[in-house]
Amino acid sequence: MSSSLVAYDDSDSETETGKTEVPNTSSRQTSHPSSSVNRVQYFAPGGLGTKSTYEMQPTENTDSSGTSTVCEDPPEHYAQNNDTDLTSPYCRRPYSGHTALCMSYKNYEQTSSSSTNSGNGVSQKRIHKDSTTAIKGIRPYIPKRLRQENSSMPKKKESDQRDSSDCDVKLGISGEQTSSKISELIKPYLGSKYKLTEVPKSLIFYMSKHSGPVNEIQWCPVREQSHMLLSASMDKTIKVWDAVDTGCCLKTYSCHSCAVRAACWSSCGRRILSGGFDSMLHLTDVETGKQIFSSKNEFRISALKFHPTESNIFICGGFSPEVKAWDIRASKLLRVYKAAVQQTLDILFLPEGREFLTSTDAVSRDSADRTIIAWDFQSAAKISNQIFHERYTCPSLTLHPKESMFVAQTNGNYMALFSAQRPYRINKKKRYEGHKVEGFAVGCEFSPDGTLLVTGSSDGKVFFYNYHTARIIRTLSAHKEACVSAIFHPVLPSLLATCDWAGEIKIWQ
């Protein structure tokens with residue numbers, strides 16, 4: 001039988017006017033001549049004739065107020081006895097870890113107080129005060145089900161806060177003037193058409209703020225703000241650079257908890273859409289860093305594209321057989337495009353946005369169908385999956401700016417030319433080869449006038465091809481590591497940006 005020892009407060013009553021002396025040892029002995037134990041009789045619930053003895057032992061209190069009576073816990077069946085007038089004493093233990101409170105019936109309380117002060121001739125009423133101080137080192141018991149629920153609550157709160165919170169934005173030297181200014185070098189070209197593209201020769205800026213490989217770079221599509229360059233890196237950050245005037249980093253956005261695989265500008269140039277290996281989608285305001293749209297996916301994201309005519313719709317794909325279309329205004333999923341593949345490598349919208357292409361990793365030893373799949377955007381139906389029949393994956397796709405043609409970068413160390421109209425036939429007379437891919441996600445891009453085709457290479461070089469003849473015009477030794485992207489400026493002729501697997505970004509002219 002477990003026992004709980006709790007002392008009563010033996011202080012004087014504040015309501016009584018008489019003075020009470022503290023009982024000494026002699027008076028305590030005279031009040032208990034036969035034994036030092038008070039015996040209180042209780043009736044068992046089985047019958048009134050059966051009696052049980054419950055002992056009350058006096059002990060000394062730790063402070064100087066005198067002695068206090070300590071009671072043991074009686075059995076539980078005594079507390080359930082409702083047949084007698086006596087209320088059985090029982091110890092009530094609060095759930096929150098307070099000390100046990102011993103409750104007794106009135107007769108025993110009066111008897112105990114009178115017997116204690118019998119030597120003085122003055123009856124003193126004992127006042128019982130609840131102790132609300134918690135014992136240090138003792139925590140209350142929590143059921144397993146509640147512990148499991150409480151352990152899952154912080155994770156949900158952290159994820160909700162991370163989804164709803166703003167990006168951690170770090171300003172550069174002139175980060176406050178991100179989109180307000182117009183570069184003096186760009187102003188002379190705003191009112192005129194794009195001139196003939198020339199191959200860049202000299203290095204202008206060398207930017208190495210990223211601590212991980214740079215996956216993608218993109219110029220701002222707004223002509224007046226095209227001095228800004230966007231970069232997404234494996235170091236979990238997105239950076240915006242002034243790549244025309246100063247070569248400085250304007251802002252750094254830390255929205256993702258894992259590597260940022262894809263990022264692109266919105267058509268207005270005021271927002272950045274990004275996706276990464278944390279399966280998160282973020283639409284971030286460039287100036288404030290606030291997340292306008294945020295969503296959690298079931299797969300890691302590797303490709304993003306805005307719709308060419310509907311600026312509030314975008315498509316994302318990644319390590320999943322599904323490609324999803326989202327509406328930013330309603331923050332909802334529009335439709336899902338399913339294919340028997342494992343990963344989507346790149347997405348390309350065809351002119352007017354009614355159809356789009358996806359490059360996948362669906363390559364077997366005997367056939368290579370489903371490597372490039374054409375989709376109807378509205379109905380989510382497959383138009384064709386028999387476009388590219390060679391057994392190579394295509395890490396990137398790009399559309400010609402003026403002709404209805406597109407190019408696919410292949411892991412066969414060449415680029416293939418296709419028609420952008422049904423049935424999307426390959427041009428077997430033209431093959432742009434000479435560079436190396438070797439498993440890297442090497443991108444390719446047309447010049448704004450469509451005369452040059454530029455691509456990176458796994459050996460760090462940049463190759464310039466003549467679009468009409470498919471011959472190599474020039475090779476630029478740009479990086480020591482694999483060059484994964486090279487893009488021309490949309491306004492300034494012959495201005496080129498390149499990035500590599502070491503985290504470096506270079507501007508050439």
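All values below were derived from every heavy atom in this structure, side-chain atoms included, with hydrogens, water molecules and symmetry-related copies excluded.
Counting only heavy atoms from C-beta outward, the side chains of Phe356 and Ile347 approach each other to under 4.5 Å. At least one side-chain heavy atom of His489 sits less than 4.5 Å from a side-chain heavy atom of Ser226. Looking at Arg431 and Met415, their side chains never come closer than 4.5 Å, going by heavy atoms from C-beta outward. Residues Ile373 and Leu357 are not in side-chain contact: their nearest non-hydrogen atoms beyond the backbone lie 4.5 Å or more apart. Val214 places none of its side-chain heavy atoms less than 4.5 Å from the side chain of Trp501. Side-chain contact check for Tyr194 versus Tyr189: every heavy-atom pair is 4.5 Å or farther apart. Thr197 has its side chain out of reach of Pro493: every pair of non-hydrogen atoms, C-beta onward, lies at least 4.5 Å apart. Contact of the Val454 side chain with the Tyr465 side chain is not registered, since no non-hydrogen atoms from C-beta on lie closer than 4.5 Å.
The closest donor-acceptor contact from the side chain of Gln218 to the backbone of Trp265 lies under 3.5 Å. Between the side chain of Ser202 and the backbone N or O of Gln509, at least one donor-acceptor pair lies under 3.5 Å. Between the side chain of Asn413 and the backbone N or O of Val437, at least one donor-acceptor pair lies under 3.5 Å. Thr344 contributes no side-chain N or O that, together with a main-chain N or O of Asp346, makes up a donor-acceptor pair within less than 3.5 Å. In this structure a side-chain-to-backbone donor-acceptor pair under 3.5 Å is missing from Ser233 to Thr237. Looking only at distances, a side-chain donor or acceptor of Ser447 sits under 3.5 Å from a matching main-chain atom of Leu452. Of the possible polar contacts, none joining the Ser359 side chain to the Ile372 backbone as a donor-acceptor pair under 3.5 Å is found. Between the side chain of Asn312 and the backbone N or O of Arg329 there is no donor-acceptor pair closer than 3.5 Å. The backbone N or O of Asp235 lies less than 3.5 Å from no partner atom in the side chain of Ser211, so there is not a single donor-acceptor pair.
Atom-to-atom distance recorded for Ile426:CD1 and Leu417:CG is 8.0 Å, nearest 0.5 angstrom. In this structure, NE2 in His256 is found 10.5 Å from OG in Ser279, a value given to the nearest 0.5 Å. A distance of 5.5 Å separates CG of Asn297 from CH2 of Trp326, quoted to the nearest 0.5 Å. Taken to the nearest 0.5 Å, the NE2 atom of His479 stands 8.0 Å off from the CG atom of Leu476. Annotation: the span from Tyr414 atom OH to Glu390 atom CD amounts to 3.0 Å, rounded to 0.5 Å. Atoms CZ and CG, on Arg223 and Leu492 in that order, are 9.5 Å from each other to the nearest 0.5 Å.
Between Tyr467 and Phe446, the ring planes are perpendicular. Angles over 60° get that label, and only those under 30° would be called parallel.
A donor atom on one side chain and an acceptor atom on the other are found under 3.5 Å apart for Thr252 and Lys239. Side chains of Ser183 and Asp245: a donor on one and an acceptor on the other come within 3.5 Å. No side-chain donor from either of His282 and Ser274 sits under 3.5 Å from a side-chain acceptor of the other.
The number of heavy-atom neighbours closer than 6.0 Å to CD of Glu438, taken from other residues, nucleotides and ligands shown, is above 12. For Lys430, the NZ atom is densely surrounded, since the number of other residues' heavy atoms within 6.0 Å is greater than 12. Residue Glu198 qualifies as open at atom CD: its count of foreign heavy atoms under 6.0 Å is 12 or below. Environment of CZ in Arg354: sparse, with no more than 12 heavy atoms of neighbouring residues, nucleotides or ligands closer than 6.0 Å. Counting heavy atoms of neighbouring residues, nucleotides and ligands inside a 6.0 Å radius, atom NZ of Lys187 exceeds 12 of them. Counting heavy-atom neighbours within 6.0 Å of Glu403 CD, excluding the residue itself, gives a total above 12. Heavy atoms from other residues, nucleotides or ligands lying under 6.0 Å from NZ of Lys305 number more than 12.
Across Ala486 and Leu496, no two heavy atoms sit closer than the pair C-CD1, 4.1 Å. Here the closest non-hydrogen pair linking Ala502 and Glu481 is CB-CG, 3.5 Å.
In summary, Arg261 and Glu216 do not engage in a salt bridge, as defined by a charged side-chain N under 4.0 Å from a carboxylate O. Ionic pairing of Asp278 and Lys236 is not present here: no N-O contact between side-chain nitrogen and carboxylate oxygen is shorter than 4.0 angstrom. Using a cutoff of 4.0 Å between basic side-chain nitrogens and carboxylate oxygens, Lys324 and Glu298 are scored as salt-bridged.
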Walk me through whether Tyr424 and Phe418 qualify under ring pair (Phe, Tyr, Trp, His ring centres under 6.0 Å). CA-CA 6 Å; Tyr424 315 106; Phe418 297 86; 9.2 Å; no

May I have the step-by-step check of side-chain contact (heavy atoms from CB on, under 4.5 Å) for Ile507 and Val244, ending in yes or no? CA-CA 8 Å; Ile507 309 299; Val244 174; over 6 Å; no

What do the steps show when you test Glu504 against Lys480 for salt bridge (charged side-chain N to carboxylate O under 4.0 Å, His left out), and what is the final call? CA-CA 10 Å; Glu504 298 177 354; Lys480 295 180 180 179; over 6 Å; no

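Aromatic ring centroids of Trp508 and Phe205 lie 6.0 Å or more apart. The distance between the ring centers of His307 and Phe349 falls below 6.0 angstrom.
Test Arg270, Lys251, Arg271 against Glu287 for salt bridge (Lys or Arg N to Asp or Glu O under 4.0 Å) and you get one pass: Lys251.
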